[in-house]
Amino acid sequence: MAYGFILDDHTSFSAWRPLARQCFLADRAPEEIEWRCASAETTLFDTPLVAPTPKNGAQPPVLRSKCLALLRSILRHADQTRFALAYRILWRAQTEPALASIATDPDIARALHMHKQVREDTHKMTAYVRFREHGEAQNGRRSFYAWFEPDHYVLPSVAPFFSKRFVDMDWVILTPKGSLAWNGETCAFSPTPCAKPKLSDDIDQLWKTYYVSTFNPARIKTKAMLSEMPRKYWKNLPETQLIPQMLADAPARVAAMAAQQPRPAPAFHHRLQQRRADVENQKGTDSALREVHRQSPK
Amino acid sequence: MKQSLSDRLALLSDAAKYDASCSSSGAGKRDSAATKGLGSVSNGICHAFTPDGRCISLLKILLTNFCIYDCAYCINRSSSNVPRARFTPDEVIWLTLEFYRRNYIEGLFLSSGIIRSSDDTMSQMVRVARELRQTHKFRGYIHLKTIPNASPALLAEAGLYADRLSINVEMPTERGLADYAPQKHAGEIRHSMGEMRTHIDAAKDRTLTGRKAPRFAPGGQSTQMIVGADQATDRDILSSSSSLYTGYKLRRVYYSAFSPIPDASAILPIKPPPLLREHRLYQADWLFRFYGFQFSEITAGRPDGMLDLELDPKLAWALANRAMFPIDLNRAPKEMLLRVPGLGVRSVQAIVAARRHRQLRLEDLARLKVSIRKVKPFLYTTGWSPGRLAERQNLRQLFVPQPQQLALF
Ligand code: SF4
């Protein structure tokens, strides 16, 4: 028999917090508590876990806000050891109140690293979710679906971003770690894993046109691209399937630009030059120019 | 032949891509929770990256690539034979909203060639911004390029709807501008920038009656200089930046290595400058904006006025000022830590916070993901002393990237 809890994989900070308090009030040191994930493989040697009983009159733990924020963040991480790390930091911070400020401490360094990954995952989700329109508008509201695969349990953290940005449309974001659904009033989070749906949208074609045209073939920097848009995101981004062809075509496009001989300017240019000279002779201003350019091509 | 929307999108984004600016930050925070429309602004998000390493944050397009000017470096100049196209304001609005709804972009960066007159062009651009804001309750990011010589009333209206306004100085020196953009005048560009600065400053104050001044481009103004088309040195470029940042309070100066374009003008150099040069200029700019460096310090040690292509400017500065190192990891002021090659702003903050509570050793820095190899010649602490840097003869050799060994084919 050992002390501890069996937790759902997506257990959030608010669900974990009362359990951690309970351990602390029972005066159980980090080594005595086991935080086991429901999905972790069980082995023959796994001992049954019992919840520790709080002692009478025990003082609840206190944390500086910086430390609290750090624990909140790392509990969104998918690493199953996050509960143990968080409890150890909680425990240690009682005697080392400035702990969270000491980035060189091994526990804090690890927590900060996890925090960074969670932040990155959150950020990338706001960047790389792609909504696809689905069906006809209902009561003037259009509806959109997106599929995304976050590494961590960040759905509740990105919910405010999406519901304050895409207010006038209905949308659903499906992920293997749950879903978010917005209807103009509320944003509902569900932890139930979703399967990848089939989505398509005609506007993707225009977006791809833009993506290809805004690319400058004379400056290839694939390393910079990959560091910001790692391959793991590619499969869900409509535009990335064009990248191999864009790279393959680039050298020929650059060579063609270099080989091009200066060509005579179009007639339009000569007319302009002539008129500008005339206008300057008359000391004309913008209004005179306007007259002149009335015939410029539209 | 009639061009489809997709054809024109291809042409007008191709024509806009030489403007490096794509940032969608600096406008504070807002969202549509109360207005029930579409869009929000916080820290700019990059929604995609192209294989040229650039981020796509905004739909960057021209209203039209017809232009009555003839700036030599520009793909849209009147003497170029590129195919021409134009969008109606409604098409730009539609594209912006549809792209935004799919989360491809943060907003719109609208620029234009100059058709007929400056005011005519500017008023069409303002119309796009106005309708996005008023008719469509769009609260995403809008960056408008202002047209030189547009009327003050149009400028004021642009500032009401746009988050950022910009006008490109194009060439680092007046001479360069006169040679390459004969119809543009450095004086007029500076005048427009000065005017925008006055508006931006005024919008931050309350008026005499205590009411809030009208909104004006809360994201400030930015500009771009083309690098490597003329003879300007890095020192010329950076001293121009210095006056732009301090004199006109620009938020950002972009450096755009002159890039080959289709149907290039014969007066342009054939070879583009190395992309590394542009990169070094951005690094120098970064040192100025976040690390407390003056531009003049960065170029002081460079006899030809060009930044070192082999070493990044921070390292080059440290080696040129080696007498100031090594410094005490536990006691040196924050300003000096910021000057240590290999320490970024975040690591410096972490060091300053941690050393209040603990004596730091060199090994501790590894946990901050700092490269010990890079920083150790510049720091000393308990258990580590690198010796006087000034006495090291071969220091540069230590840092210059080693030539790659050639493999037999
Ligand atoms: S004004 Fe000059 S830089 Fe601007 S679009 Fe026309 S030719 Fe190009």
Criterion side chain to side chain donor-acceptor pair (under 3.5 Å) on B/Ser112 and B/Thr121, from CA distance to verdict: CA-CA 7 Å; B/Ser112 181; B/Thr121 311; 5.3 Å; no
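- Ranked by non-hydrogen atom pairs under 4.5 Å with chain A, the options B/Arg84, B/Arg101, B/Lys36 are led by B/Arg101.
- Contact tally against chain A (heavy-atom pairs below 4.5 Å) for B/Leu12, B/Asp14, B/Asn81: the top residue is B/Asn81.
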Can you list the steps and then say if B/Glu188 with B/Asn149 is a side chain to side chain donor-acceptor pair (under 3.5 Å)? CA-CA 7 Å; B/Glu188 284 168 6; B/Asn149 300 329; 3.3 Å; yes
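- For a residue to count as touching a neighbouring chain, one of its non-hydrogen atoms must lie under 4.5 Å from one of that chain's; by this rule A/Gln205 does not touch chain B.
- Contacts of B/Leu38 with chain A are made by both backbone and side-chain atoms, with heavy-atom separations under 4.5 Å.
- Contacts between A/Phe215 and chain B at a heavy-atom distance below 4.5 Å involve backbone atoms as well as side-chain atoms.
- A/Thr122 and A/Ser157 make their closest contact through CG2-CB, 4.5 Å (heavy atoms, listed as atom of the first residue, atom of the second, distance).
- Listed options A/Ala127, A/Ala224, A/Pro264 were ranked by heavy-atom pairs under 4.5 angstrom with chain B; first place goes to A/Ala127.
- Among B/Gly39, B/Ala350, B/Ala266, the residue making the largest number of heavy-atom pairs under 4.5 Å with chain A is B/Gly39.
- Contact of B/Tyr100 with chain A is made through backbone and side chain together, with heavy-atom distances under 4.5 Å.
- Neither the backbone nor the side chain of B/Leu11 comes within less than 4.5 Å of any heavy atom of chain A.
- Only the side chain of A/Leu247 comes within contact range of chain B, with at least one heavy atom under 4.5 Å from a heavy atom of that chain.
- Highest contact tally toward chain B, considering only A/Thr240, A/Val254, A/Thr126, A/Thr222, is held by A/Thr126 [criterion: heavy-atom pairs under 4.5 Å].
- Of the residues considered (B/Ser40, B/Ala354, B/Gly53), B/Ser40 shows the highest number of contacts with chain A, using heavy-atom pairs under 4.5 Å.
- Of the candidates A/Phe166, A/Trp147, A/Tyr145, A/Phe131 forms a ring-ring contact (aromatic ring centres under 6.0 Å, His included) with just one, namely A/Phe166.
- No option in B/Arg358, B/Arg367, B/His357 other than B/Arg358 meets the side chain to side chain donor-acceptor pair (under 3.5 Å) test with A/Asp105.
- The CG atom of B/Leu9 sits 12.0 Å away from the CD atom of B/Gln3 when rounded to the nearest 0.5 Å.
- Contact of the A/Tyr211 side chain with the B/Thr50 side chain is registered, since non-hydrogen atoms from C-beta on lie closer than 4.5 Å.
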Could you go through the ring-ring contact (aromatic ring centres under 6.0 Å, His included) check for B/Tyr73 and B/Phe258 one step at a time? CA-CA 8 Å; B/Tyr73 47 80; B/Phe258 140 73; 9.0 Å; no
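- With a 4.5 angstrom heavy-atom cutoff, B/Phe99 touches chain A only via side-chain atoms.
- Of the two parts of A/Arg110, neither the backbone nor the side chain holds a non-hydrogen atom closer than 4.5 Å to a non-hydrogen atom of chain B.
- Proximity to chain A is limited to the side chain of B/Lys369, based on heavy atoms less than 4.5 angstrom apart.
- Heavy-atom pairs under 4.5 Å with chain B were tallied for A/Arg219, A/Lys221, A/Met257; the largest tally goes to A/Arg219.
- Interface check for chain A: of the options B/Leu59, B/Ile351, B/Leu360, the most heavy-atom pairs under 4.5 Å are formed by B/Leu59.
- Considering only heavy atoms from C-beta on, A/Ile203 comes within 4.5 Å of B/Arg102 through its side chain.
- When heavy atoms are compared at a cutoff of 4.5 Å, B/Ser259 approaches chain A solely by way of its side chain, counted from C-beta outward.
- Among the candidates A/Tyr233, A/Phe161, A/Trp207, the residue making the largest number of heavy-atom pairs closer than 4.5 Å to chain B is A/Trp207.
- Between the CG atom of A/Leu63 and the SG atom of A/Cys67 there is a distance of 4.5 Å, given to the nearest 0.5 Å.
- For A/Tyr128 and A/Phe148, the ring centers sit 6.0 Å or farther from each other.
- B/Asp7 and B/Ser4 share a side-chain donor-acceptor pair at under 3.5 Å.
- Contacts of B/Cys67 with chain A are made by backbone atoms alone, with heavy-atom separations under 4.5 Å and no side-chain atom involved.
- The residue among A/His270, A/Met229, A/Arg263, A/Gln260 with the most heavy atom pairs within less than 4.5 Å of chain B is A/Arg263.
- Heavy atoms closer than 4.5 Å to chain A are found in the side chain of B/Gln183, but not in its backbone.
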Decide yes or no on side chain to side chain donor-acceptor pair (under 3.5 Å) for A/Gln273 and A/Arg276, but give the supporting numbers first. CA-CA 5 Å; A/Gln273 297 295 79; A/Arg276 188 169 283 120; 3.3 Å; yes
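- With a 4.5 angstrom heavy-atom cutoff, B/Asp70 touches chain A only via side-chain atoms.
- Smallest separation of non-hydrogen atoms from B/Ala150 and B/Asp119: CA-OD1, 3.2 Å.
- A/Val158 pairs with exactly one of A/Val129, A/Ile173, A/Leu180 by the side chain to side chain contact (heavy atoms under 4.5 Å, CB included) rule, that one being A/Leu180.
- Neither the backbone nor the side chain of B/Gln349 comes within contact range of chain A, judged by heavy atoms closer than 4.5 Å.
- When each of A/Ile102, A/Val212, A/Thr104 is checked for heavy-atom pairs under 4.5 Å with chain B, A/Thr104 comes out on top.
- Put simply, of B/Leu368, B/Asp263, B/Leu365, the one with the most heavy-atom pairs under 4.5 Å next to chain A is B/Asp263.
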